[in-house]
Engineer: 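Before we start, here is the structure in question, set down as structure tokens.
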There are 2 protein chains.
Amino acid sequence: MSEARATTDTRERILDAAERLFMESGYEGTSMRMITGAAGVNLAAVNYHFGSKEALLREVFRRRLAWLNKERLRLLDDMEAQAKGEPLKPSAILEAFFGTLLHMGTDESLGGMTFLRLLGRTLTEPADFIRTFFAGEYAEVVDRYKRALFRALPDVPHEEIIWRFHLMLGAMSYAIAGTDALQVVTGCELDLKNEGPQAAELLSARVMPFLLGGLRAPLPQFVTKQEQQHQSEPDKAA
Amino acid sequence: MSEARATTDTRERILDAAERLFMESGYEGTSMRMITGAAGVNLAAVNYHFGSKEALLREVFRRRLAWLNKERLRLLDDMEAQAKGEPLKPSAILEAFFGTLLHMGTDESLGGMTFLRLLGRTLTEPADFIRTFFAGEYAEVVDRYKRALFRALPDVPHEEIIWRFHLMLGAMSYAIAGTDALQVVTGCELDLKNEGPQAAELLSARVMPFLLGGLRAPLPQFVTKQEQQHQSEPDKAA
DNA sequence: ACTTGGTTCAAACGTTCGTTTAAATCATAT
DNA sequence: ATATGATTTAAACGAACGTTTGAACCAAGT
């Protein structure tokens, strides 16, 4: 009846191995034999402890997203309490949402860069059960942050805010996930995975200005019918 | 010896079916039997006409990327010829690079939205042969556009431009690929796949301002050591 | 000492995978 | 008509897949 020590050892060895292998080879590209081999446990251990390969993937994410979701909600709650009813600054909202994510990359006990890259890559996995799972895991947090952005940008149509939220998620995911997928396309070392804990801070410094710039960009012409010219003149980065 | 008509029929039926199925289920998640079944051809036809499943994927992309690469280079050549040695405007460069891509979404003979979404999703596939393939296919075009951006933004460090190029690619890929992956996360219909030809123009109007805003955002503080304050004040979209 | 319940183990399960084979079929040229 | 080379076909290949089984093992409680 009591929890034997070897039990949690085996479970966590499997979760760690699966986290790394799913990141490197994707869900379909990773076999149970690869996972149990890397974890140094018996092939049947995954089905015994988790039930199935699908359930294993869900647990890999659940143990990390539990912290991420809680922290994101806590930060938003704190900021809203301190603002006493006033709308938050968009930059503060983004800092809370994406900064929390990037912080996980600096802390090995939260999964480190391995989990960050896994998360970025898995968001595009086409398998139905994965999409369903993420929808459930993200629903509450995304809804809260969406509403905070609505209040922070009262003059911007909600649909436009959702689009830009979407685009920011995409840019951030690629910045993390595609580190070697697209750096070979861009043909330049983007020096991420060798930096260890500082990697996430470098990432943050590079990505956050980009996201804010995108979020605050002029609205598309068909949204603001008036004054549709002269708004994209200064063709220069600061 | 002569090219029988049925030959190109079978080849193209396979390519069309594979394009759609790879988009819906990913490379590993799509079996040869799914492809040949959907195409209405014999199971052995893929290996006969293309050699292997990997070679089929490469051909699926090659027939589309041939046009895309040529068009992107042609537009850049035209603009540079017209500029007579002057640097191009960043917005014109982005319009050529991403506008060409989005144009494919409006033209069914270029693959339409199916290919666009396939492209966006496949950039994150972890399989080695896919990454190698894309690196080769994209190398020339990315290098040319990278250099055009360097000239267009002479005050921005090259590394920063590459990063933002990377981020723009990510945002664009997600905007296209994630239409149902992340719209379920953001919890809102992003009305894309039901729009047909207009979808790409809607996408363009929404995404291009975001990309330009990101590209022209203030540089991160550790790059411009001087005047690191007061540059992120106007917390409002236009 | 013996039972008990949780855990590990080697082995096998049936299925599906990508690929190959050899015969059948088709279109064309002589 | 008949030979020829390209294409299609049904069937099978060995390998790898996720999962299941039943015995072995181990650390408790009595």
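Any value given below was found using the heavy atoms of this structure, including those in side chains, with hydrogens, waters and symmetry copies removed. Each chain gets a letter, A, B and so on, in the order its sequence line appears, and its residues count up from 1.
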Engineer: Just call it for Thr36(A): base, sugar-phosphate, or nothing, with non-hydrogen atoms closer than 4.0 Å on any strand.
Structural biologist: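 If one applies the 4.0 Å heavy-atom cut-off, Thr36(A) turns out to touch nothing in the nucleic acid.
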Engineer: To the nearest Å, how far apart are Asp9(A) CG and dG6(C) P?
Structural biologist: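 Rounding to the nearest Å, CG of Asp9(A) and P of dG6(C) are 19 Å apart.
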Engineer: In whole angstrom, what separates Leu56(B)'s CG from dG18(C)'s C1'?
Structural biologist: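 Interatomic distance, CG of Leu56(B) to C1' of dG18(C): 12 Å.
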Engineer: Taking only N/O atoms, report every protein-nucleotides 19-23 of chain D pair under 3.5 Å with atom names and distance.
Structural biologist:
unit_1	atom_1	unit_2	atom_2	d
dT19(D)	OP2	Asn47(A)	OD1	3.4
dT19(D)	OP2	Lys53(A)	N	3.0

Engineer: Please give, in whole Å, the distance from dA16(D) P to Ile35(A) CD1?
Structural biologist: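 Those two atoms, CD1 and P, are 17 Å apart.
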Engineer: Kindly assign one of parallel, tilted or perpendicular to the pair Tyr138(A) and Phe134(A), based on the angle between their ring planes and the thresholds 30° and 60°.
Structural biologist: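 Plane angle under 30°, so parallel.
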Engineer: Can you tell me the distance, in whole Å, between the CZ atom of Phe50(B) and the P atom of dT7(D)?
Structural biologist: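 Rounding to the nearest Å, CZ of Phe50(B) and P of dT7(D) are 12 Å apart.
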Engineer: Evaluate the side-chain proximity of Arg144(A) to Asp77(A): yes if any heavy-atom separation is below 4.5 Å, no if none is.
Structural biologist: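 With C-beta onward as the side chain, the pair touches.
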Engineer: Return no unless some side-chain N or O of His49(A) is found under 4.0 Å from OP1 or OP2 of dG6(C).
Structural biologist: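 It does not, given that no N or O in the side chain of His49(A) lies less than 4.0 Å from OP1 or OP2 of dG6(C).
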Engineer: OP1 or OP2 of dT8(C) less than 4.0 angstrom from a side-chain nitrogen or oxygen of Thr10(A), does that happen here?
Structural biologist: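 Yes.
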Engineer: Does Phe165(B) reach the side chain of Tyr145(B), with side-chain heavy atoms less than 4.5 Å apart?
Structural biologist: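 Yes. Closest side-chain heavy atoms under 4.5 Å.
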Engineer: Is the shortest heavy-atom distance from the side chain of Phe210(A) to the side chain of Met168(B) under 4.5 Å?
Structural biologist: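 Phe210(A) vs Met168(B): side chains touch.
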Engineer: Does any non-hydrogen side-chain atom of Tyr27(A) lie less than 4.5 Å from one of Glu28(B)?
Structural biologist: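 The answer is no; the side chains never approach within 4.5 Å.
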Engineer: Using OP1 and OP2 only, check whether a side-chain N or O of Ser31(B) sits under 4.0 Å from dT16(C).
Structural biologist: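 No, because none of the side-chain N or O atoms of Ser31(B) sits under 4.0 Å from OP1 or OP2 of dT16(C).
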Engineer: What residues, two or more places apart in sequence or in another chain, satisfy salt bridge (charged side-chain N to carboxylate O under 4.0 Å, His left out) together with Glu19(A)?
Structural biologist: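 Glu19(A) satisfies salt bridge (charged side-chain N to carboxylate O under 4.0 Å, His left out) with Arg63(A), Arg64(A) once adjacent residues are dropped.
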